[in-house]
Amino acid sequence: MKIFDRETQSPPDARGRFGQFGGRFVPETLIPALDELEAAWTLARADPGYRKELTDLLENYAGRPTPLFQAERLVKALGLQARVYLKREDLLHTGAHKLNNTLGQALLARRMGKKRIIAETGAGQHGVATATVCALLGLECVVYMGAEDVVRQSPNVTRMGLLGAEVRPVEAGSRTLKDAMNEAIRDWVTNVRSTYYCIGSAAGPHPYPLLVRELQKIIGEEIAEQSLAREGRLPDAIVACVGGGSNAIGAFHRFASEKNTRLFGVEAAGHGLDSGKHGASLARGRPGVLHGSRSYLLQTDDGQVAEAHSISAGLDYPGVGPELSHLRDLGKLELLAATDVEALQAFQDLASTEGILCALETAHAIAALRYLPKLEFVVVNLSGRGDKDLDTIAKALLK
Ligand SMILES: *Cc1c(COP(=O)(O)O)cnc(C)c1O
């Protein structure tokens, strides 16, 4: 496995802009820290020692490359014509794509001499992935999590505790991911010298969207290689669910300039796109600034950040990364959405046909298969497994 081999010609520009999106909208005190991070990342990315250590951990600790599995029974049950493959990020250690990012960032933090790591988490997957690498590398770990999510995702709270991390519940706002991220940024402003902020998605101020994309793009590179081996060509489409956008940009980036591969991002339609209760920032948001960067954003008529809703904690976020926002404006990213009900149905379809309990986030991508145009060869990024959601699912199905 070779990481960072392909040189990246694509955005952002030197100011961290993806078209009109991205950039740095942060308090003055954070600018030197972001400069320091960008410089450290540029050096690390080019350093064979860093690459070797990261590659070793991705292969021998995390379990890369992840399999590409053809979902024949699912396709038959849904009455589809396409050959559909699942990229099994659910089989990565800790159960989702998140570890690709946290391994890379924790190794970077150690190089920078930072011994305290902070993170925000929604579904708890990023918190667990961060707590995991902190245990592995002997770093202190504090995770901010919305109080609502602490309840919804209690198994992950237990996991983080067992891994030695401190979980700090956040009572502000809607008590979900957006509020946890606000608190993490506040902590970073206060403790910026000693502390590394490990962001969980391809969002936040420059260089985070770039950094997280570079660490997640291995997903798409493996998809390309495995597709050539299995089908002798690249896929007609890649499908991924979109929360902040890290599993999606990770799966998509390799294909962003491939004319014959279409990219479908699936957002949370919650109770319905017209209900006002959804997480479809790309489909229904307007450009605005949240958490240090400009992107599509759910907002009220007077420009306040609106609350998102999704049955899946990982998609319950009013913003989205700047690179996906840009790909949307370029027309390269096509948008689909699945409601809570559709996601629950897709979860059951995948479980009963293929024996895979996927995460509720991922179930949105499966649900969208019904809405794809006629294509022959499709890859769905199976971003994570569903253990964390079993309570939510059981409750919803018993209603
Ligand atoms: C966190 C998470 C997501 C949403 O985050 P992205 O950054 O949009 O990928 C999706 N699926 C799973 C399984 C997750 O854990």
Side-chain angles (χ1 to χ4, degrees), residues 66 86-102 105 119-130 132 143 145-146 149 152-153 155-156 159 176-178 180-181 198-204 208-209 211-213 215-217 219-220 238-253 265-268 279-282 291 295-296 308 310-325 327 333 338 343 346-347 350 356-368 380-390 392-393:
T66 56
L86 307 175
K87 179 61 173 164
R88 298 290 310 272
E89 291 300 294
D90 61 315
L91 295 178
L92 204 67
H93 181 41
T94 73
H97 65 288
K98 299 283 195 317
L99 202 68
N100 298 321
N101 173 39
T102 57
Q105 288 204 55
E120 83 295 332
T121 197
Q125 290 300 105
H126 176 59
V128 168
T130 306
T132 298
V143 179
M145 188 169 188
D149 291 333
R152 284 200 281 193
Q153 309 285 338
N156 274 343
R159 281 186 192 106
T176 59
L177 179 56
K178 159 176 74 66
M181 201 153 169
C198 182
I199 286 192
S201 194
Y208 283 107
L211 171 53
V212 176
R213 176 251 277 170
L215 293 169
Q216 290 291 1
K217 73 180 187 186
I219 301 172
I238 314 286
V239 182
C241 66
V242 177
S246 70
N247 89 87
I249 198 64
F252 294 163
H253 190 262
V266 186
E267 296 188 293
S281 351
L282 286 166
H291 297 141
S295 74
Y296 278 99
S310 171
I311 191 170
S312 70
L315 304 186
D316 195 349
Y317 181 63
V320 62
E323 189 163 7
L324 288 180
S325 298
L327 287 173
L333 175 64
F347 172 89
L350 185 65
I356 298 171
L357 301 175
C358 71
L360 277 176
E361 291 83 3
T362 314
H364 289 71
I366 301 290
V380 181
N381 194 26
L382 206 78
S383 57
R385 67 175 185 230
D387 309 42
K388 67 188 177 59
D389 295 319
L390 295 185
T392 308
I393 291 164

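Count residues from 1 along the sequence. Just follow the structure's listing: the first ligand is 1, and inside any ligand the first atom is 1.
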Listed partners of Lys87 passing side-chain hydrogen bond (donor to acceptor under 3.5 Å, both in side chains), at least two apart: Thr66, Glu222, Gln226
When you compare the side chain of Ser281 with that of Ser295, does any pair of heavy atoms fall below 4.5 Å? no
List, pair by pair, the atoms of ligand 1 and of the protein that are both N or O and lie under 3.5 Å apart, giving the separation rounded to 0.1 Å.
| from | atom 1 | to | atom 2 | distance (Å) |
| --- | --- | --- | --- | --- |
| ligand 1 | 7 (O) | Ser201 | OG | 2.6 |
| ligand 1 | 7 (O) | Gly245 | N | 3.4 |
| ligand 1 | 7 (O) | Ser246 | N | 2.8 |
| ligand 1 | 7 (O) | Ser246 | OG | 2.7 |
| ligand 1 | 8 (O) | Gly243 | N | 2.8 |
| ligand 1 | 8 (O) | Gly244 | N | 3.1 |
| ligand 1 | 8 (O) | Gly245 | N | 2.7 |
| ligand 1 | 9 (O) | His97 | NE2 | 3.1 |
| ligand 1 | 9 (O) | Ser246 | OG | 3.3 |
| ligand 1 | 9 (O) | Asn247 | N | 2.8 |
| ligand 1 | 9 (O) | Asn247 | ND2 | 2.8 |
| ligand 1 | 11 (N) | Ser383 | OG | 2.8 |
| ligand 1 | 15 (O) | Lys98 | NZ | 2.7 |

Mind checking salt bridge (Lys or Arg N to Asp or Glu O under 4.0 Å) for Lys388 and listing every partner two or more places apart, or none if nothing turns up? Glu361
May I have the list of side-chain donor-acceptor pairs in residues 312-323 shorter than 3.5 Å, sequence neighbours left out?
| from | atom 1 | to | atom 2 | distance (Å) |
| --- | --- | --- | --- | --- |
| Ser312 | OG | Ser310 | OG | 3.1 |
| Asp316 | OD2 | Arg152 | NH2 | 3.0 |
| Tyr317 | OH | His291 | ND1 | 2.8 |
| Glu323 | OE1 | Arg213 | NE | 3.0 |
| Glu323 | OE2 | Arg213 | NE | 3.4 |

Can you find a pair of side-chain heavy atoms, one from Asn101 and one from His126, that are under 4.5 Å apart? yes
Does any part of the side chain of Thr132, heavy atoms only, come nearer than 4.5 Å to the side chain of Arg159, both counted from C-beta? no
